[in-house]
Amino acid sequence: MLPYNTNEIARIEKKWQGLWDERQIFKTPEDSRRPKFYCLEMFPYPSGKIHMGHVRNYTIADVVARFKLMQGFNVLHPMGYDAFGQPAENAAIKHKTHPAQWTYACIDQMRGNLKRMGFSYDWSRELATCHKDYYRWNQWIFLKMFEKGLAYKKSSSVNWCPSCETTLANEEVIQGQCWRCKNDVVQKDLEQWYLKITHYAGALLEDLKKLDNWPSRVVAMQENWIGKSYGVEIYFKWQKTGEILRVFTTRPDTIFGATYVVLAPEHPFVKPLVAGTGYEQAVMDFVAKVGQMSKSMRVSGDDRKEGVFTGQYAVNPVNGEPIPVWVADYVLMEYGTGAIMAVPTHDQRDFLFAKEHCLPMRIVIQDPVRPEMSVEEMTEAYEGEGRQVRSGAFDGLPNEEGKKQIARWMEAEGKGKIAVYWRLRDWLISRQRYWGTPIPMIYCPACGVVPVPEKDLPVELPEDVRFTGEGGSPLSQSDSFVRVACPACGKDARRETDTMATFFDSSWYYLRYISPCDDKQAFHPGQAAYWMPVDQYIGGIEHAILHLLYSRFFTKFLKDLGLVNVDEPFTRLLTQGMVLKDGEVMSKSKGNTVDPDAVIAKYGADTLRLFILFAAPPEDQLEWNDNAIDGSWKFLSRVWNCVQQKYRPADQAYAYENLTGDAKDLERERNFVVKKVTEDLSNGFKFNTAISQVMILMNRIDKFSADGDPLRQAVFNQAVRTVVLLLSPLTPHMCEELWQMMGNREESVSRVPWPGYKENALEKDVVLMVVQINGKLRSKLEVPVNIPENELRDRVLSDENIQRHLEGKQVKKFIVVPQKLVNIVV
RNA sequence: GGGCAAGUGGUGGAAUGGCAUACACGCAGGACUUAAAAUCCUGUGACCGCAAGGUCGUGUGGGUUCGACUCCCACCUUGCCCACCA
């Protein structure tokens with residue numbers, strides 16, 4: 001007999017990984033009449049070895065894919081690499097090599113790691129975003145966006161890392177510092193390429209309602225991110241010139257309490273407003289000071305708000321009152337109109353600022369709990385509901401009603417206009433780095449900005465580039481790249497040297513898997529119509545906003561082009577939890593990582609897969625435990641040994657009804673477990689409870705002996721076969737080997753249909769009834785399933801324990817829950 | 001400040017209105033062994049009791065119900081995400 005030990009495991013896993021490749025078991029047919037199932041996991045950045053987070057993510061997805069395959073679906077389960085990005089370039093600088101070389105070496109290593117885990121990918125669809133056959137379609141999509149006015153160039157204040165010499169996305173700035181080099185990030189005015197994601201803000205928000213199979217918190221995060229605010233744009237007038245200053249507020253009900261106005265330091269009105277006045281020096285000094293601050297420093301937690309008076313006044317359109325105009329750091333140019341009306345009594349930020357600078361306050365919403373409260377008594381702004389006071393004709397209205405009426409009145413009187421503002425900003429995609437998709441644009445002194453014609457795609461990354469980490473983007477230093485003839489006039493022109501943010505690449509890769517070799521188009525619309533949307537998407541919560549929002553944006557854009565026919569790319573989303581060790585997230589910097597390779601070397605991929613699925617529900621955090629993984633291995637050993645020792649050919653047919661005793665119990669348990677495991681895998685992927693069910697069945701099998709009886713052996717065999725089939729999506733290598741050992745002829749256990757169960761084989765003859773008195777457990781009785789109620793009552797009341805507890809008491813109620821429980825109320 | 005999630009044995013976790021702690025880890029005892037490992041068996045929420053059995057017990061306090069880990073209200077704690085968004 002072969003033991004389930006390190007050597008044997010290695011032999012089996014290698015053997016089946018080889019056979020799966022050789023027989024192309026997981027190659028997805030081009031077309032099929034079967035229902036489709038697109039199972040996708042977030043593709044990795046190829047940094048080298050896979051880590052436990054990858055293992056967990058991809059194991060979960062693999063079980064789903066294999067389960068659906070056995071259920072008869074035509075499954076698409078691809079894998080690729082999100083291969084552009086800064087780490088490759090930094091590695092190139094450090095090791096004096098080329099980013100491509102480093103990246104492809106990492107990909108090779110990663111692919112090897114993934115194969116060792118036994119994942120059921122269709123490897124013929126593998127893709128890497130850094131390959132020109134992929135990124136040319138990035139360029140094509142970009143050109144389409146440019147054509148539709150959705151890709152545009154604008155000058156704006158951006159995050160800039162002086163050390164990495166590139167712009168950064170907001171999410172790459174951690175507490176004012178560059179995520180990679182930890183140097184302070186500064187704001188810089190630059191002309192950059194943007195994608196007009198805000199064009200789809202409404203649809204992106206509205207269609208969140210369709211995503212009822214997404215985790216609610218991801219939906220909530222996207223909602224917050226898109227941030228739709230209803231309010232009023234109010235027209236204040238400069239007292240001096242009569243010019244209009246637009247101010248946005250969501251609280252028009254507080255307009256009568258506005259006691260000053262604040263402009264963002266970057267507001268274009270600031271400079272002309274103070275020019276030549278006695279306030280110019282102080283105001284411009286303040287503007288300069290704020291300009292020096294990094295964005296995250298400026299919004300950092302504390303309540304201190306700084307600002308200066310401009311010496312100017314603006315007129316409140318509702319009461320003609322001139323109120324002072326300030327410039328302060330707590331007002332941001334990027335949101336609203338970059339100017340606010342300040343109502344210190346009903347906005348905490350304004351309250352703090354007003355206290356600090358001794359500005360006037362006026363209560364206009366009465367706190368129903370403290371109606372007499374005066375401005376002097378206020379210790380914080382009152383932001384709750386109440387009735388309008390000191391609000392002219394609107395006095396006495398509940399403020400929610402006041403909001404509506406004041407807004408309508410202002411619009412009618414031309415004092416403002418009802419407006420919607422979004423938090424969502426357009427997406428800055430320019431990066432001043434080499435290792436990304438070149439933005440396919442040309443600057444001609446005569447013709448201006450000219451797109452590269454489609455026929456000239458791809459704009460390839462030049463090879464003749466040195467990586468020194470100095471002097472800006474390597475692309476701008478490549479003469480052969482930069483110098484180009486203008487496609488319009490043919491004269492000397494210059495290429496755009498910025499590359500695209502890598503989130504562009506990952507915003508549509510799920511479509512490229514559908515026809516990965518197509519060299520005529522980004523993807524085949526007909527095949528996309530079959531495969532889209534992705535039925536199950538699995539990945540980390542860290543992508544809840546960025547990648548998942550960008551992908552939704554791209555899908556909507558591609559639908560508008562008529563290339564896809566779905567509004568949303570991902571029907572179901574599962575965000576798997578983190579892998580922890582000693583209560584902390586595994587990370588290299590903390591030094592608490594566990595290398596999947598080392599675990600595979602000792603226990604094999606099957607044990608690792610089983611443990612990671614068993615230790616916690618997929619959405620929850622998973623605490624790594626070196627002892628517990630031993631338990632997973634022991635369980636697989638038991639299954640392995642059981643087949644080898646006790647499985648004997650026996651083909652006798654039988655029916656559940658005709659079985660007796662423990663054989664009948666085993667067959668019933670088998671049917672029950674099939675039902676439960678199928679449900680657990682279908683509804684919410686409860687792998688942990690599915691596994692515990694198989695363990696229960698296995699415990700029963702271990703206690704059962706065929707005693708040389710062919711019928712009993714047949715029942716036993718059926719139970720063992722069921723265990724192997726139910727486990728096969730989870731621990732595929734061992735199950736393939738056992739399936740073969742048991743004499744089955746299929747070329748792979750993954751081609752065997754998922755086991756079914758019979759309802760009648762779940763029925764019991766007797767049930768255990770729990771007997772409670774006043775809700776407290778007092779006794780248990782075994783009774784026939786269909787016992788009449790009066791007979792049950794007699795049996796219960798004659799029970800010794802029950803009689804003792806009922807002594808001297810009156811039975812008021814007798815509640816029966818069929819086949820479960822009796823509760824006697826006394 | 002806002003949003004979301006979660007609080008159950010020594011540990012990971014199970015139970016979504018009906019036996020709280022399934023399944024597993026750990027621990028203890030036993031069998032096998034010269035011994036150990038492996039394997040197998042038994043036990044394992046707390047307290048009282050020789051036992052039968054009883055009392056308490058799912059973050060805290062209330063409520064609904066014949067019956068609450070589960071539903072409702074309030075609070076506490078932890079985790080994650082967002083945040084001068086006007």
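Residue numbers begin at 1 in each chain, while the letters A, B, ... track the order of the sequences.
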Novice: Between Arg778(A) and Ala264(A), which is nearer to the 5' end of RNA chain B once each is assigned its nearest nucleotide?
Specialist: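 Result of the comparison: Arg778(A).
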Novice: For atom P, what is the distance between C84(B) and A68(B), given to the nearest Å?
Specialist: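 Between the two P atoms, the distance is 47 Å.
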Novice: Pick base, sugar-phosphate or nothing for His346(A), based on heavy-atom distances below 4.0 Å to the nucleic acid.
Specialist: nothing
Novice: Taking the P atom of each, how far is C27(B) from C81(B), in whole Å?
Specialist: 35 Å
Novice: Gln803(A) has an atom CD; how far is it from atom C1' of G53(B), in whole Å?
Specialist: 17 Å
Novice: In terms of the angle between their ring planes, are His547(A) and His543(A) parallel, tilted or perpendicular, with boundaries placed at 30° and 60°?
Specialist: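 His547(A) and His543(A): perpendicular rings.
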Novice: What integer distance in Å separates Asp630(A):CG from G12(B):P?
Specialist: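 Nearest whole value for this atom pair: 19 Å.
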Novice: How would you summarise protein contacts on nucleotides 13-23 of chain B per nucleotide, using B for base, S for sugar-phosphate only and - for none, with heavy-atom distances below 4.0 Å?
Specialist: SS---BB--BB
Novice: Between atom CZ in Phe353(A) and atom C1' in G1(B), what is the gap in whole Å?
Specialist: 20 Å
Novice: For the C1' atoms, the ones on A20(B) and on G29(B), what distance do you get once it is rounded to whole angstrom?
Specialist: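 Taking atom C1' in both A20(B) and G29(B), they lie 27 Å apart.
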Novice: Answer yes or no: is there a side-chain heavy-atom contact under 4.5 Å between Gln819(A) and Val767(A)?
Specialist: yes
Novice: What residues form a ring-ring contact (aromatic ring centres under 6.0 Å, His included) with Tyr421(A), not counting sequence neighbours?
Specialist: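 With neighbours one apart ignored, the set is Phe248(A).
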Novice: Between C71(B) and A14(B), how many Å separate the two P atoms, rounded to a whole number?
Specialist: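 Pairwise P distance, C71(B) against A14(B), rounds to 15 Å.
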Novice: If you measure from the C1' atom in U78(B) to the same atom in A15(B), how many Å do you get, rounded?
Specialist: 23 Å
Novice: Determine: side-chain N/O of Arg349(A) to OP1/OP2 of G1(B), distance under 4.0 Å, yes or no.
Specialist: no
Novice: Taking the six-membered ring for Trp and the full ring for Phe, Tyr or His, determine whether the centres of Phe687(A) and Phe614(A) are under 6.0 Å apart.
Specialist: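 Not close enough - the centres of the two rings lie 6.0 Å or further apart.
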Novice: Identify, between Lys703(A) and Tyr335(A), the residue whose nearest nucleotide on RNA chain B lies closer to the 5' end.
Specialist: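 Between the two, 5'-proximity favours Lys703(A).
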Novice: Quick one: classify the glycosidic conformation of G30(B) as syn or anti, with syn meaning within 90° of 0.
Specialist: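 You should classify G30(B) as anti.
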Novice: Partner of G45(B) by Watson-Crick or G-U wobble geometry, both contacts under 3.5 Å, or none?
Specialist: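 WC or wobble partner is C56(B).
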Novice: Taking pairing as Watson-Crick or G-U wobble with both contacts under 3.5 Å, can you name the mate of A22(B), or confirm there isn't one?
Specialist: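 Pairing partner, where one exists within any strand: none, as none qualifies.
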Novice: Determine which nucleotide pairs with C71(B), using a 3.5 Å limit on both distances of a Watson-Crick or G-U wobble pair.
Specialist: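 Across any shown strand, C71(B) pairs with G63(B).
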Novice: With both distances kept under 3.5 Å, what pairs with C32(B), Watson-Crick or G-U wobble?
Specialist: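 C32(B) is unpaired by these criteria.
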Novice: Mind listing the residues from residues 416-426 of chain A sitting with a heavy atom below 4.0 Å of RNA chain B? Number order is fine.
Specialist: Arg423(A), Arg425(A)
Novice: Both distances under 3.5 Å, Watson-Crick or G-U wobble: report the partner of C4(B), or none.
Specialist: G79(B)
Novice: Less than 6.0 angstrom from the centroid, inside 45 degrees of the normal: does Arg572(A) satisfy that with respect to the ring of Trp214(A)?
Specialist: no
Novice: Watson-Crick or G-U wobble partner for A15(B), using a 3.5 Å limit on both distances?
Specialist: none
Novice: Tell me, do Leu245(A) and Leu263(A) make a side-chain contact under 4.5 Å, heavy atoms counted?
Specialist: yes
Novice: Check every strand shown and say whether Val343(A) touches a base, only sugar-phosphate, or nothing at a heavy-atom separation below 4.0 Å.
Specialist: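 No contact.
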Novice: Which class fits the ring pair Phe611(A) and Trp624(A): parallel under 30°, tilted 30 to 60°, perpendicular over 60°?
Specialist: perpendicular
Novice: Please state how far atom NZ in Lys776(A) lies from atom C1' in G57(B), giving the value in whole angstrom units.
Specialist: 11 Å
Novice: To the nearest Å, how far apart are Phe236(A) CZ and A86(B) C1'?
Specialist: 12 Å
Novice: Say we look at C23(B) and U8(B): how far apart would their C1' atoms be, to the nearest angstrom?
Specialist: 15 Å
Novice: Indicate, with a heavy-atom threshold strictly under 4.0 Å, whether Gly631(A) touches base, sugar-phosphate, or nothing.
Specialist: sugar-phosphate
Novice: Can you tell me how far P of U78(B) sits from CG of Leu580(A), to the nearest Å?
Specialist: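 Atom-to-atom, Leu580(A) to U78(B), this comes out as 18 Å.
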Novice: Taking the six-membered ring of Phe236(A) as reference, does the cationic atom of Arg246(A) (NZ for Lys, CZ for Arg) lie under 6.0 Å from its centre and within 45° of its axis?
Specialist: no
Novice: What integer distance in Å separates Asp347(A):CG from G1(B):P?
Specialist: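 So the CG-P distance, Asp347(A) to G1(B), works out to 15 Å.
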Novice: Side chain of Val825(A), heavy atoms from C-beta onward: which of C66(B), C85(B), A83(B) has the nearest atom to it?
Specialist: C66(B)
Novice: Could you identify the nucleotide paired to G9(B), looking across every strand shown and requiring Watson-Crick or G-U wobble geometry with both distances under 3.5 Å?
Specialist: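 No nucleotide pairs with G9(B).
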Novice: Check every strand shown and say whether Lys634(A) touches a base, only sugar-phosphate, or nothing at a heavy-atom separation below 4.0 Å.
Specialist: sugar-phosphate
Novice: Taking the same atom, P, in G59(B) and in G7(B), what whole-Å distance lies between them?
Specialist: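 8 Å, rounded to whole Å.
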Novice: Do the numbers put Lys305(A) on top of the ring of Tyr330(A), so that NZ or CZ is under 6.0 Å from the six-membered ring centre and no more than 45° off the axis?
Specialist: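 Cation-pi check for Lys305(A) and Tyr330(A): passes.
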Novice: Does the gap between the ring centers of Phe503(A) and Trp427(A) come in under 6.0 Å?
Specialist: no
Novice: Is any side-chain N of the basic residue among Glu669(A) and Arg700(A) closer than 4.0 Å to the acidic one's carboxylate O?
Specialist: yes
Novice: Please report, rounded to the nearest Å, how far the C1' atom of A86(B) is from the NZ atom of Lys228(A).
Specialist: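 The distance from NZ of Lys228(A) to C1' of A86(B) comes to 18 Å, rounded to the nearest Å.
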Novice: Quick one: sort the Trp633(A) and Tyr4(A) rings into parallel, tilted or perpendicular, breaks at 30° and 60°.
Specialist: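 Plane angle under 30°, so parallel.
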Novice: When you compare U58(B) with U11(B), how far apart are their P atoms, in angstrom units rounded to a whole number?
Specialist: 16 Å
